[in-house]
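What follows is one structure encoded as structure tokens, with my remarks underneath.
Note that ligands are numbered from 1 as they come in the structure, with each ligand's atoms numbered from 1 the same way.
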Amino acid sequence: MTLMRVLAISGSLRESSSNTSLLRALVTLAPADTTVHFSAPLDSLPFFNSDVEEARLPQSVQAWRQDVGLADAIVISSPEYAHGVSGVLKNALDWLVGGVEINGKPVSVLNARPQASVAHGALVETLRVMGARVVDQTAVPLTGRKLDHSGIAADPELAALLQAVLSTLRQSTEDAAGGPA
Ligand SMILES: Cc1cc2nc3c(=O)[nH]c(=O)nc-3n(C[C@H](O)[C@H](O)[C@H](O)COP(=O)(O)O)c2cc1C
């Protein structure tokens, strides 16, 4: 049984973000062979600029790429803003395009607001064109429920959905490695 390191990425900067709460519930629900951790908040990254990328990669971008590179799998949950992916998330993904860290990496894309489908579709397309393996897309019906991370983890239906997300990621990392370790 090898440890699976999952990187959780929230597209919302809000303190009481539903997307971040969903990801924090994953930390609670992770089985013993899985760790779920967050990178630094995405607003610690500068705006993407390929001149800066070519001159010298900022320290925060190096750390971000390293976090992605060290992960065995990734889970993303992001709000939709005016039918688009949140600016901070798209900016963070743009900083990965010039690297190799996300290539072939299994990614699960959660949608905490299933009626918001335009940004979700765009995010999946962006991830695919960047070379990530989107192995799972899960709609989590959180709208109007005002649950924090412990409330989400304690809800049997939501907990089962999130456990299935981790299990799918585990399966895809094992498949990529040629079988269970
Ligand atoms: C500027 C702005 C634009 C939004 N645009 C949309 C939208 O196009 N579609 C939608 O379903 N929700 C939209 N919403 C609602 C957010 O997606 C929703 O509040 C979401 O739960 C916020 O996520 P968070 O709790 O993780 O911060 C918008 C909210 C804001 C503040």
Closer than 4.0 angstrom, basic N to acidic O: yes or no for Lys105 and Asp72?
no
Would you check, one step at a time, whether the test salt bridge (charged side-chain N to carboxylate O under 4.0 Å, His left out) holds for Asp155 with Arg145?
CA-CA 11 Å; Asp155 180 290; Arg145 298 195 58 189; 2.7 Å; yes
Does any N or O of ligand 1 fall below 3.5 Å from an N or O anywhere on Gln115, backbone included?
no
Residue set satisfying side chain to side chain donor-acceptor pair (under 3.5 Å) with Ser77, at least two apart, ordered chain then number -> Asn19
Yes or no: does His83 have any heavy atom under 4.0 Å from an atom of ligand 1?
yes
In the protein, which heavy atom is nearest to atom 29 (C) of ligand 1, and how far is it?
Tyr81 CD2, 3.8 Å
Once rounded to the nearest 0.5 Å, what's the spacing between atom CG of Leu93 and atom CG of Leu123?
6.5 Å
Are there protein heavy-atom neighbours of atom 27 (O) of ligand 1 below 4.0 Å?
yes
Got a sec, which pairs hit side-chain hydrogen bond (donor to acceptor under 3.5 Å, both in side chains) with one end in residues 134-143, sequence neighbours left out?
Ser108-Asp136, Gln115-Thr143, His120-Gln137, Asp136-Thr138
At what distance is the nearest protein heavy atom to atom 25 (O) of ligand 1, and which residue and atom is it?
Arg14 NH2, 2.7 Å
Any N or O of Ala82 closer than 3.5 Å to N or O of ligand 1
yes
for atom 21 (O) of ligand 1, nearest protein heavy atom and its distance come out as Ser18 OG, 3.6 Å
Just need the protein heavy atom nearest to atom 22 (C) of ligand 1, so name the residue and atom and give the distance.
Pro79 CB, 3.6 Å
Answer side chain, backbone, both or neither: which part of Glu80 comes under 4.0 Å from ligand 1, heavy atoms only.
both
Would you mind checking if Glu53 and Arg65 are paired as a salt bridge, meaning a charged N to carboxylate O distance below 4.0 Å?
yes
For Arg113, is at least one N or O under 3.5 Å away from an N or O on ligand 1?
yes
Are the side chain of Thr126 and the backbone of Ala122 linked by a donor-acceptor contact shorter than 3.5 Å?
yes
Could you tell me which atoms of ligand 1, counted from 1 in the order shown, lie closer than 4.0 angstrom to a heavy atom of Asn19?
23 (O), 24 (P), 26 (O)
Is the backbone N or O of Ala116 less than 3.5 Å from a side-chain atom of Asn111, with the two atoms forming a donor-acceptor pair by type?
yes
